[in-house]
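Quick notes on the structure that follows.
When reading the values below, keep in mind they use all heavy atoms of this one structure, side chains included, and skip hydrogens, waters and symmetry mates.
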Amino acid sequence: QLPVVSVVRDAESQLLPDVGAVVTCKVCSINSRFAKVHILYVGSTPLKSTFRGTIRKEDIRATEKDKVEVYKSFRPGDIVLAKVISLGDAQSNYLLSTAENELGVVVARSEAGVQMVPISWCEMQCPRTHTKDFRKVARVQPQFLQT
């Protein structure tokens, strides 16, 4: 009777963001040309490790692309729904787009630390201080809402 050696792997393999997939990400930093994000979910599946992504200025909105200002669309800490448009470049960043009504900021916090409420497609308001901030607000579809 010989001893048996077995190798056991994790039950599921790592899911990778694919072109066309809707991802949930958190904004890490912004500048005048793009927003850097960490991808946290692919669809409704949480990722074991985060992936880096970039939302370029021209991929934020579908219309009036020349008038888009990154700081009026996103702020660091925002949670954003975006679509993968390409697998990126040498820095292994995924290129993302929010140029659809269903895509954009879904969760934002105000200076007071309170979750903001969307009041239009381009503004969110703090329920405590009533200050308004510009954002590229997502019109969230029911299938993306989780409790």
Ser120: partners by side-chain hydrogen bond (donor to acceptor under 3.5 Å, both in side chains), with sequence neighbours left out: none
Validation: residues 18-30 side-chain donor-acceptor distances under 3.5 Å, sequence neighbours left out:
none

Contacts of Thr98 that satisfy side chain to side chain contact (heavy atoms under 4.5 Å, CB included) - sequence neighbours left out: Ile55, Ile60, Phe74, Val80, Ala82, Leu103, Lys136
Val68 and Ser73, any side-chain heavy atoms less than 4.5 Å apart: yes
Separation of Glu111 CD from Arg109 CZ (nearest 0.5 Å): 13.0 Å
Pairs touching residues 74-83 that satisfy side-chain hydrogen bond (donor to acceptor under 3.5 Å, both in side chains), sequence neighbours left out: Asp78-Arg135, Lys83-Glu100
By side-chain hydrogen bond (donor to acceptor under 3.5 Å, both in side chains) - contacts of Glu69 (at least two apart): Tyr71
Heavy-atom donor-acceptor pair, Gln125 side chain to Thr131 backbone, under 3.5 Å: no
Distance, nearest 0.5 Å, that separates CD of Glu123 from NZ of Lys72: 10.0 Å
With Arg56 via salt bridge (Lys or Arg N to Asp or Glu O under 4.0 Å) - residues at least two apart: Glu58, Asp59
Closest non-hydrogen atom pair between Ala112 and Cys126, with its separation: CB-SG, 4.4 Å
hydrophobic_cluster_shared for Val114 and Val107, side chain cutoff 4.5 Å: no
Sub-4.5 Å side-chain heavy-atom contact between His38 and Arg52: yes
Nearest heavy-atom neighbours spanning Met116 and Ser110: CG-N, 3.5 Å
pair Leu87-Tyr94: side-chain heavy atoms closer than 4.5 Å: yes
Side-chain touch Pro17/Phe51, heavy atoms, less than 4.5 angstrom: yes
Side chains of Val137 and Val105 in contact at under 4.5 Å (non-hydrogen atoms): no
Which atom of Thr54 lies closest to which atom of Phe34, heavy atoms considered: CG2-CB, 3.7 Å
Over all atoms of both residues, closest heavy-atom pair of Ile85 and Ser97: CG2-CB, 3.6 Å
Cluster link Phe134 to Met124, ILVMFWY, side chain under 4.5 Å: no
4.5 Å side-chain heavy-atom contact, Leu96 and Val84: yes
Smallest separation among heavy atoms of Pro127 and Gln115, with atom names: CD-O, 3.4 Å
